[in-house]
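Letters go in sequence order (proteins before strands), and every chain restarts at 1.
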Amino acid sequence: MLDTNLLRNDLDNVAARLAIKKFNFNKELFLGLEEQRKTLQIKMEELQAKRNSASKQIGILKSKGEDTSVIMAEVAGLGEELKNAEAEFNDVATQLNNYLATVPNLPDESVPVGLDETANVEVRRVGVPRDFDFQVKDHVDLGVDLDRGVDFEAGAKVAGSRFAFLRGKIAKLHRALAQFMLNLHTEEHGYTEIYSPYMANAKALFGTGQLPKFEEDLFKTKRGDDDMYLIPTSEVSVTNMAAGDLYKEDELPFKFACHSPCFRSEAGAYGRDTKGLIRMHQFDKVEMVNIAHPDKSFEALEQMVQCAENVLKALKLPYRVITLCGGDMGFGAAKTYDLEVWVPSQNTYREISSCSNMTDFQARRIQARFKDANGKNRLVHTLNGSGLAVGRALVAVIENYQNADGSITVPEVLRPYMGCDIIK
RNA sequence: GGAGAAAUGGCCGAGAGGUCGAAGGCACUCCCCUGCUAAGGGAGCAUGCGCCCAAAAGCGCAUCGAGGGUUCGAAUCCCUCUUUCUCCGCCA
């Protein structure tokens, strides 16, 4: 949610910045509703003030034992009038809020302008893709050949397309990756480990911005009469821990790391990445979430990217860092860096992490604040980033560490977790 | 699943239809006192929103778990829901 004062006072500038995110702000709609809101709110509040003062008078007269019939007569009928005024106001306020809930966050000044991924800017490249002296296989062939370590047929039987089973050493490698990442962040990067619910209510999903606009991307279920959703990322559950909180300034920042499964319907992705583990309905991710001081959030974003990079560096996987352009950024993000890992079978880099500063966009929705030195309550900034997507990390390790005989060398840092140095 | 109790400001906790946005305490901020180790005195201290507006001040509205209702008037009465706690049952 954007600051409504910013919209009222600097509308043209806001609209121009939203255009960078491919959002066409409806100025006429907003201004029209805003004008009605103002009129109706004033009218309603005047009636309320009238009622309040009359009631107060009645109270005073009664306590003195005096007659109240005159003032009671004055106030007759006010209730009905007030009820109507409130209904009118609520109607317009709801329309206004519903529209504002669909408006994305503003991009930071430093974000490159552009409509799609072709305008993204590569920041750096780390590591050199390995030269294979044999024909590389993809992770599906490698995995299947290793005692059905990756099994899509079983996944399809049980749950349908875009689900898979992992088995044996591949399943263990997957677990090792998650363990390693979580340990790295908690032991080296100062993150606090979190275990979170895997379902969230509609309010939480609104808080982080998945609702109301992106419901079709979610798996929805019921709890009694209430809608519940499987989390598409633990960004949702972990960020919403801060909902309604008021922190002391020196408590900030909070840095949370959470390993969780993520559930995405991938509606609109039919035909894309249909082979392999790249795009699944369920995948694991180690997520980093920061609840940060607003003056330090962009600094925190750089640090978070470093933390994600450290995972790839430790695994010795070649990757590059991309700054997303405005048009390619997510709904709530003010700035996003993607990390892309080298995938030999596709001869390209594929996204394995996305780190974003959401500034106060989510904080305003969830009312997460802190008290500053002057005693003013200010919204915190929230950040989140993958550190990393475990399924895609598995793909990258399998493919980058493959040997001519179809075996997979275990990256050094994972050996303590695996208890072996080769999978064959 | 059954029975009961509760939900108030950053925290604890009073308030049981009228001048209550809410006593008191803790925490916090400022001042005074005191040369010393969470000692004393004083003052301040909820949030959101609107109007006005350069801004401040000011005025107003809303908020005592959430949503409805009764009433001229609701933290207080009624209904629904949510959450927490206690006891019983069940259970990974």
Side-chain angles (χ1 to χ4, degrees), chain A residues 1-11 30-31 33-98 100-101 195-207 222-229 237 240-252 254 291 293 360-380:
Chain A
M1 211 72 123
L2 297 181
D3 181 359
T4 40
N5 272 318
L6 204 59
L7 287 166
R8 290 185 197 130
N9 299 331
D10 202 11
L11 186 55
F30 171 74
L31 290 172
L33 286 170
E34 175 59 14
E35 195 185 322
Q36 286 181 67
R37 187 227 97 224
K38 191 165 162 175
T39 312
L40 292 170
Q41 184 167 351
I42 290 168
K43 181 176 159 196
M44 175 184 75
E45 289 186 355
E46 275 173 356
L47 290 169
Q48 286 169 329
K50 205 160 138 190
R51 176 201 61 194
N52 289 348
S53 70
S55 294
K56 202 167 202 169
Q57 278 306 309
I58 292 170
I60 292 167
L61 290 176
K62 282 217 169 164
S63 71
K64 292 184 193 157
E66 291 175 17
D67 175 50
T68 60
S69 59
V70 175
I71 199 160
M72 293 281 259
E74 271 177 37
V75 115
L78 200 96
E80 194 66 19
E81 203 180 341
L82 185 54
K83 207 172 239 176
N84 292 336
E86 283 172 344
E88 279 182 288
F89 170 77
N90 286 335
D91 179 47
V92 169
T94 302
Q95 285 182 56
L96 192 55
N97 288 333
N98 286 350
L100 294 179
Y195 170 81
S196 97
Y198 298 154
M199 290 192 220
N201 58 32
K203 191 177 173 189
L205 283 141
F206 178 84
K222 288 267 184 201
R223 188 206 196 193
D225 291 333
D226 295 329
D227 290 335
M228 293 286 283
Y229 299 84
S237 45
N240 272 285
M241 282 200 298
D245 282 356
L246 180 61
Y247 302 112
K248 291 178 181 164
E249 190 164 26
D250 59 14
E251 285 182 283
L252 300 174
F254 294 96
I291 310 295
H293 192 289
D360 61 10
F361 188 81
Q362 294 176 327
R364 184 170 293 105
R365 289 182 170 214
I366 66 177
Q367 281 300 300
R369 297 165 302 167
F370 70 98
K371 200 170 278 291
D372 73 9
N374 302 318
K376 276 295 273 183
N377 291 348
R378 293 174 64 191
L379 295 166
V380 299

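Residues passing the salt bridge (Lys or Arg N to Asp or Glu O under 4.0 Å) test with A:Glu34 are A:Arg8, A:Arg37, sequence neighbours excluded. Shown here are the salt bridge (Lys or Arg N to Asp or Glu O under 4.0 Å) partners of A:Arg364, two or more places apart in sequence or in another chain: A:Asp360. Shown here are the side chain to side chain donor-acceptor pair (under 3.5 Å) partners of A:Asp91, two or more places apart in sequence or in another chain: A:Gln95. Residues forming a side-chain contact (heavy atoms from CB on, under 4.5 Å) with A:Asn98 (at least two apart in sequence, or on another chain): A:Thr94. In this structure A:Glu88 satisfies the side-chain contact (heavy atoms from CB on, under 4.5 Å) test together with A:Leu40, A:Lys43, sequence neighbours excluded. Shown here are the side-chain contact (heavy atoms from CB on, under 4.5 Å) partners of A:Leu11, two or more places apart in sequence or in another chain: A:Leu7, A:Phe25, A:Lys27, A:Phe30, A:Leu31. For the side-chain contact (heavy atoms from CB on, under 4.5 Å) test, no residue two or more places apart in sequence or in another chain qualifies with A:Lys83. Residues satisfying the side chain to side chain donor-acceptor pair (under 3.5 Å) test with A:Asp245, not counting sequence neighbours, are A:Tyr247.
The separation of B:U82 from B:G89, taken at their P atoms, amounts to 25 Å, rounded to a whole angstrom. The same atom, C1', is picked in B:G60 and in B:C52; the two are 11 Å apart, to the nearest Å. Taking atom P on both nucleotides, B:G15 is separated from B:C85 by 24 Å, rounded to a whole Å. For the C1' atoms, the distance linking B:C88 with B:A66 amounts to 29 Å, nearest Å. Only the P atoms considered, B:A23 is 15 Å distant from B:A75, to the nearest whole Å. Rounded to a whole angstrom, the distance from the P atom of B:G67 to that of B:U8 is 16 Å.
The shortest distance between side-chain heavy atoms of A:Thr4 and A:Leu100 falls below 4.5 Å.
With the 3.5 Å cutoff on both pairing distances, Watson-Crick and G-U pairs in RNA chain B assemble into runs of at least 3 at B:1-7 with B:82-88, B:10-12 with B:24-26, B:28-32 with B:40-44, B:46-51 with B:58-63, B:65-69 with B:77-81.
Mapped onto RNA chain B by nearest heavy atom, A:Ser63 and A:Thr4 fall at different nucleotides, with A:Ser63 at the one closer to the 5' end.
The local environment of CE in A:Met228 is crowded, with over 12 non-hydrogen atoms from other residues, nucleotides or ligands closer than 6.0 Å.
Neither OP1 nor OP2 of B:C49 sits under 4.0 Å from any side-chain N or O of A:Arg37. A:Lys38 has a side-chain polar atom (N or O) that falls below the 4.0 Å cut-off from OP1 or OP2 of B:C52.
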In 5'-to-3' order, the base (B), backbone-only (S) or no-contact (-) status of each nucleotide in nucleotides 60-81 of chain B, using a 4.0 angstrom heavy-atom cut-off, is BSS---------BS--------

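One distance of note links CD1 of A:Ile291 with CZ of A:Arg369; it measures 14.0 Å at 0.5 Å rounding.
In this structure, the CG atom of A:Asp227 is 14 Å from the P atom of B:U82, given to the nearest Å. The distance between atom OH of A:Tyr247 and atom C1' of B:C28, rounded to the nearest whole Å, is 19 Å. We find that CG of A:Leu252 is positioned 14 Å from C1' of B:G10, with the value rounded to whole Å. Summarising the geometry, the separation between NZ on A:Lys64 and P on B:G18 is reported as 17 Å, rounded to the nearest angstrom. Atoms CG (A:Leu47) and C1' (B:C51) sit 15 Å apart, rounded to a whole Å. Following rounding to the nearest Å, A:Ile42 (CD1) and B:C59 (P) show an atom-to-atom distance of 18 Å. The distance between atom CG of A:Asn5 and atom P of B:A54, rounded to the nearest whole Å, is 15 Å. Distance CG (A:Asp250) to P (B:A27): 16 Å, rounded to an integer number of Å.
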What pairs of nitrogen or oxygen atoms, one from the protein and one from nucleotides 43-47 of chain B, lie under 3.5 Å apart?
from  : atom 1 : to       : atom 2 : distance (Å)
B:U47 : OP1    : A:Lys371 : NZ     : 3.2
B:U47 : O3'    : A:Arg369 : NH1    : 3.0

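Residue-level contact check: A:Arg364 touches neither bases nor backbone, having no heavy atom under 4.0 Å from any strand.
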List, one per line, each side-chain donor-acceptor pair under 3.5 Å for residues 55-66 of chain A, sequence neighbours excluded.
from    : atom 1 : to      : atom 2 : distance (Å)
A:Ser55 : OG     : A:Arg51 : O      : 3.0
A:Ser63 : OG     : A:Ile60 : O      : 2.7

